[in-house]
Q: 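Attaching a single structure in structure tokens format; questions to follow.
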Number of protein chains: 2
Amino acid sequence: MAYHHGNLKEALLECAADVIAERGIEALTLRGLARDLGVSHAAPGAHFADRRALLCELAKVGFQRSLEFMRAGAEAAGPDPVARYRALGRSYVQFAQDNPSYFRAINHPEVEAHLDDDLRGARAAWVATLREGVEVAQASGWHPEIEVETLLAFSCAAAMGTAQLLTDSVWTDVFDVDDVDALADSVLDVVVHRSRTSVVPILEETEEKRSA
Amino acid sequence: MAYHHGNLKEALLECAADVIAERGIEALTLRGLARDLGVSHAAPGAHFADRRALLCELAKVGFQRSLEFMRAGAEAAGPDPVARYRALGRSYVQFAQDNPSYFRAINHPEVEAHLDDDLRGARAAWVATLREGVEVAQASGWHPEIEVETLLAFSCAAAMGTAQLLTDSVWTDVFDVDDVDALADSVLDVVVHRSRTSVVPILEETEEKRSA
DNA sequence: CCTGGATCTTGCCAGTGACAAGATTCTCAC
DNA sequence: GTGAGAATCTTGTCACTGGCAAGATCCAGG
């Protein structure tokens, strides 16, 4: 076997995503990843200063990929600004369901407490896209009486909250529903405050499923 | 010094809340708590099987206290069902801001992944109260066209998402606002979909401030 | 070839959680 | 009271983790 692993950094990120998806973020250890990949226990140190740095990188990638997916969802929703806005949120929830590891990394306290310029940039880009969606929707007549910043905060809160609620069985169990996807659709309809007549298509995903 | 600490369990929970509020949940260690309280490193083991058990207990207390605070808020909001519903959500956000340690415990993945009957009961009671608020509000004419379960999920998501957003500087920094409380009020107004004419009073809290 | 940098290994240390065995204190039936 | 048993706490130990340091190996460019 080659002394160099070849692409250890990528392999670490991939393996970490698998571990998180299967056994949760608390079960993620640098030494465990090293064992899984057949390298020495200090090898990850060459690519990630510490555990937190790896999680931050995962979160950064998570923001980027979710953003891509949200934009694709908006594109698939057609020209109507409100439908596009709804698709942004719906796609984010879908992404969270399909990629629990990235979603958990994004929302993990250890990641949020850390200041990382790249990560902050990724988060800002995410919010900026949502802001644009809100602005365009509002320009087309959607809730003109509400301040943009308020609508943006509401949108972020609704997206994050819905995603957290519907990706965790601890919460879905307390609701009297069987079809989580349908509930997500309904909740998103309440968020955009429209009748349930037009449901935008949801793209198929993704990372977790691909690696499975 | 007495061999028995007297009330180690309570002291551990209190000390844990302080540590979480000051340095985050990741900095919480059983041995560290033992040192702070001047007992041996294995003393906490008599009251909590492991770190997770302590976090679950904190989360349970968090649900109970937040629920008390929400009910008090609803009571203070007067007889109007929609105003009471709004007060439930607004009070929860306020509680999260005033008691970050409990809020973080409630939403920590390590806690959510664990099955604990007491904790599950506390969570169920929390959801039940919100459900009752939704039902009464709907009975008074609020959004009769939407299914109860959908409104409930939307309400939970909005409350949790808003709380998470407004208690974390990582998120508040990306918004163009200075008054977080005013933003919380505005967002809650969007949630209940009312004009910003009547703002219910917010009770003073809290746990963290008391212990500070 | 050979030199510097990137990558990886081995070895080490302190801190943590968890367990076991024993000491101390409390509770309560008798 | 008093003695048995439960609750509480201590000491000791082990495996595991993160992090650091020093050195070995590989790679790229002059």
Side-chain angles (χ1 to χ4, degrees), chain A residues 1-20 22-59 104-105 108-116 118, chain B residues 1-20 22-59 104-105 108-116 118:
Chain A
M1 189 179 106
Y3 187 85
H4 272 225
H5 179 278
N7 202 348
L8 185 56
K9 188 170 184 177
E10 291 292 325
L12 282 169
L13 288 171
E14 234 175 87
C15 193
D18 289 346
V19 170
I20 294 173
E22 286 166 18
R23 298 183 294 147
I25 245 176
E26 313 305 322
L28 183 71
T29 64
L30 292 177
R31 283 171 118 96
L33 292 179
R35 273 194 299 273
D36 291 346
L37 296 172
V39 294
S40 75
H41 65 85
H47 303 280
F48 301 103
D50 50 13
R51 200 184 101 113
R52 177 188 284 175
L54 192 153
L55 280 178
C56 284
E57 184 74 17
L58 264 185
R104 289 177 205 167
H108 199 271
E110 199 169 352
V111 169
E112 295 186 333
H114 188 59
L115 302 178
D116 182 306
D118 283 354
Chain B
M1 190 179 105
Y3 186 84
H4 272 223
H5 179 278
N7 203 348
L8 185 57
K9 189 171 183 177
E10 291 293 325
L12 283 168
L13 287 171
E14 236 175 84
C15 192
D18 290 345
V19 170
I20 294 173
E22 287 166 18
R23 297 182 296 148
I25 244 174
E26 312 306 322
L28 183 72
T29 65
L30 292 178
R31 283 172 118 97
L33 292 179
R35 272 193 301 273
D36 292 346
L37 296 173
V39 293
S40 75
H41 64 87
H47 303 279
F48 301 102
D50 51 14
R51 200 185 103 112
R52 176 187 285 174
L54 192 152
L55 280 178
C56 284
E57 184 74 16
L58 264 185
R104 288 177 205 167
H108 199 270
E110 200 169 351
V111 170
E112 295 186 332
H114 188 59
L115 301 178
D116 180 306
D118 284 353

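Just so you know, these numbers use all the heavy atoms, side chains as well, and skip hydrogens, waters and symmetry mates. Reminder, nothing fancy here: chain letters follow the sequence lines and each chain counts from 1.
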Q: Atom CD of Glu10(A) and atom C1' of dT7(C): how far apart are they, to the nearest Å?
A: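 So the CD-C1' distance, Glu10(A) to dT7(C), works out to 16 Å.
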
Q: Holding to side chain to side chain contact (heavy atoms under 4.5 Å, CB included), I want the full list of residues that pass it with Ala46(B), two or more places apart in sequence or in another chain.
A: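 If we apply the side chain to side chain contact (heavy atoms under 4.5 Å, CB included) test to Ala46(B), skipping adjacent residues, there are no hits.
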
Q: With sequence neighbours excluded, tell me which residues meet salt bridge (Lys or Arg N to Asp or Glu O under 4.0 Å) with Glu112(B).
A: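 With sequence neighbours excluded, Glu112(B) shows a salt bridge (Lys or Arg N to Asp or Glu O under 4.0 Å) to no residue whatsoever.
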
Q: Among all residues two or more places apart in sequence or in another chain, which pass the side chain to side chain contact (heavy atoms under 4.5 Å, CB included) test with Asp116(A)?
A: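 Scan of Asp116(A) (side chain to side chain contact (heavy atoms under 4.5 Å, CB included), adjacent residues dropped) gives Cys56(A), His114(A), Asp118(A), Leu119(A).
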
Q: May I have the distance from Arg52(A) (atom CZ) to dT17(D) (atom C1'), rounded to whole angstrom?
A: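 Value for this atom pair: 16 Å.
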
Q: Please state how far atom CG in Asn7(A) lies from atom C1' in dC8(C), giving the value in whole angstrom units.
A: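 For the pair Asn7(A) CG and dC8(C) C1', the rounded distance is 15 Å.
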
Q: Under 3.5 Å, which protein N or O atoms sit close to an N or O of nucleotides 13-16 of chain D? Give each pair with its distance.
A:
none

Q: Which whole-number value in Å describes the distance from Leu55(A) CG to dG18(D) P?
A: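 Between P of dG18(D) and CG of Leu55(A): 10 Å.
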
Q: Choosing from dA21(D), dT10(D), dG17(C), which nucleotide comes nearest the side chain of Arg51(B)?
A: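 That would be dG17(C).
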
Q: Quick one: which of dT10(C), dA20(C), dC8(C) gets closest to the side chain of Ala42(B)?
A: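 For the Ala42(B) side chain, the nearest candidate turns out to be dA20(C).
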
Q: For the side chain of Leu30(A), counting heavy atoms from C-beta on, which of dG19(D), dG12(D), dA21(D) is nearest?
A: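 Selected nucleotide: dG19(D).
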
Q: Just how far, in rounded Å, is P of dA18(C) from CZ of Phe48(B)?
A: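 So the CZ-P distance, Phe48(B) to dA18(C), works out to 13 Å.
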
Q: Just list the side-chain donor-acceptor pairs under 3.5 Å for residues 22-38 of chain B, sequence neighbours left out, or say none.
A:
unit_1	atom_1	unit_2	atom_2	d
Glu26(B)	OE2	His108(B)	NE2	3.3
Thr29(B)	OG1	Gly32(B)	N	2.9
Arg31(B)	NH2	His41(B)	ND1	3.4

Q: Using whole Å, what does the distance between atom P of nucleotide dA18(C) and atom CD of Glu26(A) come to?
A: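 So the two atoms are 12 Å apart, to the nearest Å.
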
Q: NE2 of His47(A) versus C1' of dT7(C): gap in Å, rounded?
A: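 These atoms are roughly 6 Å apart.
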
Q: Just verifying a value: how many Å separate Asp18(B) CG and Leu13(B) CG, rounded to the nearest 0.5 Å?
A: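 Reported value, rounded in 0.5 Å steps: 11.0 Å.
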
Q: Please report the distance, rounded to the nearest Å, between CD in Glu110(A) and P in dT17(D).
A: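 Going from CD in Glu110(A) over to P in dT17(D) covers 15 Å.
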
Q: Tell me the salt bridge (charged side-chain N to carboxylate O under 4.0 Å, His left out) pairs involving residues 44-56 of chain B, sequence neighbours left out?
A: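 As it turns out, the salt bridge (charged side-chain N to carboxylate O under 4.0 Å, His left out) pairs with a partner in residues 44-56 of chain B, which skip direct neighbours, are Arg51(B)-Glu110(B).
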
Q: Side chain of Leu8(B) only, heavy atoms from C-beta on: which candidate in dT11(D), dC9(D), dT10(C) is closest?
A: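 Of dT11(D), dC9(D), dT10(C), dC9(D) is nearest to the side chain of Leu8(B).
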
Q: Name the residue from Lys9(A), Glu10(A), Glu57(A) that meets the side-chain contact (heavy atoms from CB on, under 4.5 Å) definition with His47(A).
A: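 For His47(A), the side-chain contact (heavy atoms from CB on, under 4.5 Å) check succeeds only for Lys9(A).
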
